[in-house]
Amino acid sequence: MKLTGVELRTVEMPLVAPFRTSFGTQQVREILLLRVVTPEAEGWGECVAMSDPLYSSEYASACADVLRRFLIPALGRIRDLDATRVAPTLAPFKGHRMAKAALEIAVLDAELRARGMPLSRELGAVRDRVDCGVSVGIMESIPQLLDAVAGYLDAGYLRIKLKIEPGWDLEPVRAVRERFGDGVALQVDANTAYHRTDARHLARLDPFDLLLIEQPLDEEDVLGHAQLARQLTTPICLDESIVSARAAADAIALGACSIVNIKPGRVGGFLEARRIHDVCVAHDVPVWCGGMLESGIGRAANLALAALPGFTLPGDTSASDRYYARDVTEPFRLDRGQLAVPTGPGIGVEPIAEALDAVTTSTEWIAV
Ligand SMILES: O=C(O)CCC(=O)N[C@@H](C(=O)O)c1ccccc1
């Protein structure tokens, strides 16, 4: 394929309720969407960077800038482009994994649509439905938290993830266990909010039989996670630390994690995400698909990935209405705790023009 150009479209999607984590509260999700145009087909990609560099160093307007000035022009110079050439072509530009991932999946979507091939089959999916968990933010009070968890369990979610931070950890976990029992699949996500000196405090979570504790320490403190893993019985799962297959192999070799959260945007794309999956499967490390409050565009692609064999734990690929009253695609609806993997060519969904225009704040065409 030869790239004709790329549309950068920014949308702002109001969340159905504020979503608070240890690094901030989301009320509106600003999302950078890419539409890759080639003579054969068009493809869509979603950049998962947040508006501010709080989850990682990337942020939406910086992604637009690096795409506009460096990444898209570099791909425009490739005569016979396909998705496998995206990462090597963009490698000279350091970092910017979320921007690169969005461009790669948009190219892959166009390539697969032209071939009539679903992304799930291209990646090696082995199932056509995916078990769904849900991420529950930090709340104003324990009663508010318990009401939210009750609603998600009634909706059929198969796993509850609680955001935690110092001052909001033992009490919410204890309250959920006391109210809903030991049978509920329950895990926590600290988003790097703790320090090595918190080990004894975090060990007080062990009696609650959690599936895992996600990213308790700083994303660069792999050694600290390895030390912590020897002090807790709760399995450690890494998210922000795992930026590549190499990082996954090193973290596993060091004993820093026994479970991995895979997010294609965080690791530079779906092809690297599959490599991480393969590394983890080779080491008997279970993986699950994380979420970044994606619209239906990113959600569809995540479902294809989450259908690979090593994704044996429910992920954060929740239904559209967990975050949005109206998605930019047909909404993903939970059915008995699962979502169906799209079966159409490419990512298998299209934006609904009217819904997309209703939340669009800017569009920009970049010819190559
Ligand atoms: O379900 C989702 O899409 C969100 C899942 C979730 O909790 N994402 C967290 C995370 O740290 O993994 C997040 C929240 C806000 C912004 C970035 C990431």
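These figures come from a predicted structure and were not determined experimentally. Indexing begins at 1, ligand by ligand and atom by atom, following the structure's order.
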*Asks:* Taking side chain as C-beta onward, heavy atoms only, is I297 less than 4.5 Å from P351?
*Replies:*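 Yes; the side chains approach each other to less than 4.5 Å.
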*Asks:* What pairs of donor and acceptor atoms, side-chain ones from residues 216-223 against any protein atom, are under 3.5 angstrom apart with sequence neighbours left out?
*Replies:*
unit_1	atom_1	unit_2	atom_2	d
D218	OD1	E220	N	2.7
D221	OD1	R196	NE	3.3
D221	OD1	R196	NH2	2.7
D221	OD1	G224	N	2.7
D221	OD2	R196	NE	2.9

*Asks:* Would you tabulate the polar-atom pairs, meaning N/O of ligand 1 against N/O of the protein, with distances under 3.5 Å, reported to 0.1 Å?
*Replies:*
unit_1	atom_1	unit_2	atom_2	d
ligand 1	1 (O)	D316	O	3.0
ligand 1	1 (O)	Y323	OH	2.7
ligand 1	3 (O)	M292	N	3.3
ligand 1	3 (O)	L293	N	2.8
ligand 1	7 (O)	S135	OG	2.7
ligand 1	7 (O)	K163	NZ	3.2
ligand 1	8 (N)	G291	O	3.0
ligand 1	11 (O)	K163	NZ	3.0
ligand 1	11 (O)	N191	ND2	2.6
ligand 1	12 (O)	K263	NZ	2.7

*Asks:* Who passes ring-ring contact (aromatic ring centres under 6.0 Å, His included) against F19, sequence neighbours left out?
*Replies:*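 For F19 the ring-ring contact (aromatic ring centres under 6.0 Å, His included) partners, ignoring immediate neighbours, are Y323.
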*Asks:* Give a yes or no on this: more than 12 heavy atoms of other residues, nucleotides or ligands lie within 6.0 Å of atom OH of Y59.
*Replies:*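 For Y59, atom OH is not crowded (no more than 12 foreign heavy atoms under 6.0 Å).
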*Asks:* Return the orientation label for the F311 and H277 ring planes: parallel under 30°, perpendicular over 60°, tilted otherwise.
*Replies:*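 Geometry flag for H277 against F311: parallel rings.
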*Asks:* Name each donor-acceptor pair under 3.5 Å that joins a side chain in residues 34-43 to protein atoms two or more places apart or in another chain, with its distance.
*Replies:*
unit_1	atom_1	unit_2	atom_2	d
R35	NE	E7	OE1	2.7
R35	NH1	E42	OE1	3.1
R35	NH1	E42	OE2	3.0
R35	NH2	E7	OE1	3.3
T38	OG1	E40	N	3.2
T38	OG1	E40	OE1	3.3
T38	OG1	A41	N	3.0
T38	OG1	A41	O	2.7

